[in-house]
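Data block below; observations after.
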Amino acid sequence: RRGEMAKLTQLINNEVFRAYATYTTIVLLKMMLMSLITAYFRITRKAFMNPEDTDAYGKGETAKKYLRTDPDVERARRSHLNDLENIVPFVGIGLLYALSNPELSMALLHFRIFTGSRILHTFAYLIPLPQPGRGLSWAVGYAVTFSMAYNVLKTVWL
Amino acid sequence: RRGEMAKLTQLINNEVFRAYATYTTIVLLKMMLMSLITAYFRITRKAFMNPEDTDAYGKGETAKKYLRTDPDVERARRSHLNDLENIVPFVGIGLLYALSNPELSMALLHFRIFTGSRILHTFAYLIPLPQPGRGLSWAVGYAVTFSMAYNVLKTVWL
Amino acid sequence: RRGEMAKLTQLINNEVFRAYATYTTIVLLKMMLMSLITAYFRITRKAFMNPEDTDAYGKGETAKKYLRTDPDVERARRSHLNDLENIVPFVGIGLLYALSNPELSMALLHFRIFTGSRILHTFAYLIPLPQPGRGLSWAVGYAVTFSMAYNVLKTVWL
């Protein structure tokens, strides 16, 4: 069994795969942060979705008024959903790209630009920055994922 | 080619990876179950989003009144979205963690607590349990994913 | 290091894994396409969620009227969310299935039917086709993922 485990370790010792592991972990942690930001806005703005969440604020009509939407909460939720829509393809296609034996420098370029674009996108969404700030940060990450997909299909089929 | 295939099988024969495969499959099946629960509430509560979905209930004004939101349907949908937000990081970070050569007992501890916390979360959301029941079950799964992320980054960088 | 890299390449050279890489990339690109379709409907229907997105259409009250929901935009968004809910389990369970050493012909059958069902689902949602067109295309992809999950658990536990 030790022999097999050593084989697994080879994957995590590969430099491209280590870069993939690092940046995937970072963008997934960034996405998880959106849950805390939404919770922060829900609590400070007192804007909840579930009746049982308002019990701490009193019973009956007193608490009922906190069952409402709030622009900051909704903005954080949209940013979170946009993360899901874009980080899921990065994680899936990025894994295949990392296994397709790319140059380390090219792989790092893809992973770093994507990670940077998603961090910028979150700031652009939450501050919010005037457009096309958010649009451009989104498009850069989208183009990076598309480029990795192209490389995967090229490696698999040529 | 048989030689290569045997190599692939080594991954699925590794005990940590088998544990990852088992619990990832379980939590993803649990997440898929949310689609059926939402569909169940849509049909029993007669609450639909798409005009073409109400055709079975008659034409025109008769059917139009079923294009509405229902608290049980919305609750199931929120539970489903919360699964997506939390299970996606588990699947991605958990794969990297499984490949980072952790102790089998530690890996099982992480995977089992996460899986238990998500099952509890679904019950807490759908029944619903009074808070902080749902909040705590969510936080436990969140902390487990964070702990795996910490272990991945430590393995990659130290 | 070249030796390790060669080992990684073995994964992408495995025929089942290449099939997984191909169809996963295709369905993830299809999912990414939903962002462009939603953006297309937002711009042509002039229906936005964020105040900063309407600045191109003038200031103040003129722009404010474009902060609204539109049936076509909402339909594209629901189709996108349905992709997330179904393609995430496919990518995760499909990876484990590809590593569980299935027959190539069976693996291709699973991957191709799933990919076809999701493409049909998108057309059924956006046109829209009368029910049960969308429901059936959804159910086929769901059943394929369930079948792969069954095979993963069988391989891991028997």
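By convention in this document, chain letters (A, B, ...) are assigned in the order of the sequence lines, proteins followed by strands, and residues within each chain are numbered from 1.
Below 4.5 Å, heavy atoms of chain B meet no heavy atom from residues 108-118 of chain A. Listed by sequence position, the residues of residues 132-146 of chain A in contact with chain B number zero, using a 4.5 angstrom heavy-atom cutoff. At a heavy-atom cut-off of under 4.5 Å, chain B is reached by A/Thr22, A/Thr24, A/Thr25, A/Leu28, A/Leu29, A/Met31, A/Met32, A/Leu33, A/Ser35, A/Leu36 from residues 22-46 of chain A, listed in order of number. Residues from residues 74-86 of chain A that place a non-hydrogen atom less than 4.5 Å from a non-hydrogen atom of chain B comprise A/Arg77, A/His80, A/Leu81, A/Leu84, given in numerical order.
Of the two parts of B/Leu129, only the backbone, made up of N, CA, C and O, holds a non-hydrogen atom closer than 4.5 Å to a non-hydrogen atom of chain A. The contact between B/Leu153 and chain A is made entirely by side chain atoms (from C-beta outward), counting heavy-atom distances below 4.5 Å. Contacts of B/Val156 with chain A are made by both backbone and side-chain atoms, with heavy-atom separations under 4.5 Å. Proximity to chain B is absent for every atom of A/Asp55, based on heavy atoms less than 4.5 angstrom apart.
At most 12 heavy atoms of other shown residues, nucleotides or ligands fall within 6.0 angstrom of atom CZ in B/Phe123.
Pairing each heavy atom of A/Ala21 with each of B/Val152, the nearest pair is CB-CG1, 4.3 Å. Shown here for A/Val91 and B/Gly92, the closest heavy-atom pair between the two residues is CG1-CA, 4.5 Å.
Within the 4.5 Å cutoff, no side-chain heavy atoms of A/Glu52 are placed close to those of B/Pro130.
Note that CZ of A/Phe17 and CG of B/Leu99 are 5.0 Å apart. Values are rounded to the nearest 0.5 Å.
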